[in-house]
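Below you'll find the structure, written out as structure tokens, and then a few comments.
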Protein chains: 2
Amino acid sequence: MSTTSTPSANRDKVLATALILFTRKGYFNTSMRDITRESGVSTGSIYHYFRDKEGVALALYQSLIARMQEEFSAIMRRHDSTHDQCRAVVALLFRITESEPEVMTFMLYVKHREFLPEERPVCSSAPFEQMRAMVQRGMERGEIVHCDVLVASTCLFGGAIRMITSRLDGIVEQPLAHYLDDVWACSWRAVAAN
Amino acid sequence: MSTTSTPSANRDKVLATALILFTRKGYFNTSMRDITRESGVSTGSIYHYFRDKEGVALALYQSLIARMQEEFSAIMRRHDSTHDQCRAVVALLFRITESEPEVMTFMLYVKHREFLPEERPVCSSAPFEQMRAMVQRGMERGEIVHCDVLVASTCLFGGAIRMITSRLDGIVEQPLAHYLDDVWACSWRAVAAN
DNA sequence: TTGACTAGAACGATCGTTCGATCTATTTTG
DNA sequence: CAAAATAGATCGAACGATCGTTCTAGTCAA
């Protein structure tokens with residue numbers, strides 16, 4: 001099967017399937033046989049593209065991190081003030097949570113340490129550092145109250161991020177867009193300079 | 001029947017060992033053999049006290065939830081205003097994070113759904129509902145700005161909770177007590193009525 | 001004697017991974 | 001240009017390791 005249209009079509013199929021299964025059932029509850037069955041790609045092919053099961057998870061993780069990093073960079077280019085940048089970040093995260101919940105689940109809600117022991121925690125990945133950089137700059141500009149950068153960015157984004165995990169948990173019933181204005185009002189008030 | 005339990009020392013030893021191993025290596029990376037080796041309790045004894053591996057995790061989870069529920073109830077009894085209650089909650093969580101990081105890790109940072117599929121998510125467990133109840137009451141009293149209760153409690157505690165997970169991740173280097181005042185200032189400002 | 005508890009060898013299932021065979025498309029050779 | 005050679009993909013049966021759990025036997029207190 002799978003008349004190779006592009007050489008790496010199967011590679012992408014494996015990654016897409018892994019994202020679904022890893023987020024739905026968890027990494028350890030997903031066997032390689034599950035991935036071959038759901039993706040239609042044979043064991044041999046998977047091991048041709050990836051070193052092992054961990055390699056699949058790693059490739060997935062890095063591709064999602066990279067994507068997020070690009071989107072954040074675009075936001076930083078598009079908006080000037082820290083206020084607008086950070087609000088755009090929250091809006092983006094809310095949007096992705098609704099349209100691609102698996103992506104958000106894998107980024108925020110999966111405990112990577114358990115199956116990617118080499119990898120640093122998500123919180124120290126590039127996108128999170130970009131968020132801290134925005135806050136840092138906002139502090140220098142006087143937009144954000146002067147205090148520890150870690151504290152400020154944690155408080156600024158903490159509410160929104162917990163809102164996302166609550167939504168992924170099914171605690172929040174309405175689409176996140178419905179809460180965006182309220183959440184942002186609270187979040188910004190927490191760190192606004194005046 | 002059910003005589004007042006003089007709970008077997010071995011049962012507690014298993015739970016204590018499981019807490020350490022589950023949080024250090026993860027549930028799926030911890031084998032029953034690991035638990036027998038580290039606890040010194042034989043396989044047969046473990047299966048005498050617990051139905052299966054999941055039963056160990058479940059007992060652990062429920063005991064920690066119950067303990068937290070009690071501590072929160074004590075806080076609600078001890079303090080009057082919502083402001084003081086919620087601040088005491090954050091202070092307590094920060095304190096536990098430092099003195100018993102495994103407890104906090106297991107409560108906040110472990111993805112229970114993967115090995116306790118029957119259990120509801122942490123966010124809808126009793127302690128989290130207590131937190132929401134405090135906020136609700138604060139809103140009725142006029143201490144907290146009137147908006148969706150879920151939004152308010154998420155924003156009020158979101159920063160602190162993310163601070164905890166960051167600390168558990170090793171991103172935050174100072175003991176959490178060092179940040180308590182700043183974090184609480186931000187958190188309360190996010191939802192304070194005036 | 002009974003029943004709660006301890007012990008650890010053994011079992012069956014399942015897992016991640018390997019391996020040799022086969023197919024296909026591209027490149028090299030005669 | 002045709003044929004042969006090479007390299008990249010694909011496939012799935014089979015392997016060895018490890019897992020959670022069971023089972024039988026034994027201990028000890030009441």
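Lettering of chains follows the sequences in order, A, B, ..., and the numbering in each one begins at 1. None of these values were measured; they are calculated from a predicted model.
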Any side-chain to backbone donor/acceptor pair from A/T30 onto A/L21? Under 3.5 Å, distance only. yes
Whole angstrom value for the distance that separates C1' of C/dC5 from CZ of B/F50: 14 Å
Side-chain ion pair, B/E38 and B/R24, N-O less than 4.0 Å: no
Basic-acidic side-chain contact under 4.0 Å: B/R87, B/D181: yes
B/H48 side-chain proximity, nearest of C/dG16, D/dA9, C/dA4: C/dA4
Is a side-chain donor or acceptor of A/S45 paired with a backbone partner of A/V41 at a separation under 3.5 angstrom? no
May I ask you to check whether A/F106 and A/H112 place their ring centers less than 6.0 Å from one another? yes
Heteroatom pairs (N/O) under 3.5 angstrom, protein to nucleotides 8-13 of chain C:
from, atom 1, to, atom 2, distance (Å)
C/dG8, O6, B/G44, N, 3.3

Mind calculating the distance between CD1 (A/I46) and P (D/dT10) to the nearest angstrom? 11 Å
Atom OH of B/Y47 and atom P of D/dT21: how far apart are they, to the nearest Å? 4 Å
Which label fits A/F28 and A/F115: parallel for a plane angle under 30°, tilted from 30 to 60°, or perpendicular past 60°? perpendicular
Rounded to whole Å, the CG-P distance (A/D52 to C/dT18) equals 8 Å
Side chain of A/Y49 (C-beta onward), nearest among D/dT21, D/dT10, C/dC15: D/dT10
D/dA9 phosphate, OP1 or OP2, under 4.0 Å from A/N10 side-chain N/O: no
